[in-house]
Amino acid sequence: LLNMYGLYLFGQMLEPALGRGRFLLLFLLSVLGGSLGVLLLASPLTLVVGASGGVFGLFGALFVLQRHLGRSIAPVLVLI
C-alpha cells in the first residue's frame with residue numbers, strides 16, 4: 001500500500017513533466033533495475049516484485065528534475 005501511495009504522489013508530479021510514455025519507461029526501467037540489483041546483491045533465489053525499486057527510481061527522477069529546475073531538493077532528500 002505504501003508503494004502504491006508513493007507511486008500516486010510522485011506520479012502526479014512527474015507524469016506531467018515527463019509525459020505518459022517517458023514516465024512509464026522510467027518506472028519500468030526502475031522496476032527492472034531494482035530487481036537486477038537484488039539479483040546481483042542477494043541470493044539468485046530471492047523473489048522480488050520490484051515495486052519498491054520503481055518508487056525509488058521515481059524519487060531519483062524527482063531529485064534530478066528539481067535540481068534541473070533550480071528548486072529546493074531538501075524535501076526529496078528527507079524522503080529518500
Side-chain angles (χ1 to χ4, degrees):
L1 287 173
L2 187 59
N3 285 337
M4 293 305 294
Y5 183 63
L7 180 60
Y8 174 74
L9 286 179
F10 293 102
Q12 286 184 332
M13 290 183 255
L14 286 170
E15 189 176 5
L18 299 176
R20 182 169 287 167
R22 285 192 284 179
F23 177 78
L24 179 62
L25 182 63
L26 169 69
F27 183 72
L28 292 176
L29 288 175
S30 298
V31 167
L32 290 173
S35 297
L36 181 63
V38 169
L39 180 66
L40 294 175
L41 298 173
S43 168
L45 300 176
T46 303
L47 297 175
V48 295
V49 176
S52 294
V55 172
F56 274 99
L58 296 181
F59 290 165
L62 184 61
F63 175 84
V64 170
L65 183 64
Q66 292 291 87
R67 281 190 54 108
H68 178 73
L69 295 175
R71 296 181 184 160
S72 174
I73 57 170
V76 179
L77 289 176
V78 168
L79 184 60
I80 292 174

- Measuring from Leu62:CG to Arg71:CZ, what's the distance to the nearest 0.5 Å? 9.5 Å
- Query: Does the side chain of Leu36 reach to within under 4.5 Å of the side chain of Leu39, using non-hydrogen atoms?
  - Reply: yes
- Message: Which heavy atom of Ser30 sits nearest to which heavy atom of Gly54, and what is that distance?
- Response: CB-CA, 3.6 Å
- Under the criterion side chain to side chain contact (heavy atoms under 4.5 Å, CB included), which of Asn3, Leu7, Leu9, Leu1 is the partner of Tyr5? Leu9
- Distance-minimising heavy-atom pair for Phe23 and Leu58: CE1-CD2, 3.6 Å
- Message: To the nearest 0.5 Å, what is the distance between NE2 on His68 and CZ on Phe63?
- Response: 14.0 Å
- Message: Please say yes or no: joined through hydrophobic side-chain contacts below 4.5 Å, possibly via intermediate residues, are Leu77 and Met13 part of one cluster?
- Response: yes
- Task: Determine whether Leu29 and Val64 fall in the same hydrophobic cluster, where Ile, Leu, Val, Met, Phe, Trp and Tyr are linked whenever their side-chain heavy atoms lie under 4.5 Å apart.
- Result: no
- Query: At what distance, to the nearest 0.5 angstrom, does CD1 of Ile73 lie from CZ of Arg67?
  - Reply: 5.0 Å
- Task: Mind checking the CG-CG spacing from Leu25 to Leu18? Nearest 0.5 Å is all I need.
- Result: 10.0 Å
- Note on the structure: Note: Gly57 and Leu26 closest approach over all heavy atoms is O-CD1, 4.4 Å
- What class does the angle between the rings of Phe56 and Phe59 fall in, given that below 30° is parallel, 30 to 60° is tilted and above 60° is perpendicular? perpendicular
- Under 4.5 Å between side-chain heavy atoms, hopping through other hydrophobics if needed: is there a path connecting Met4 to Leu28? no
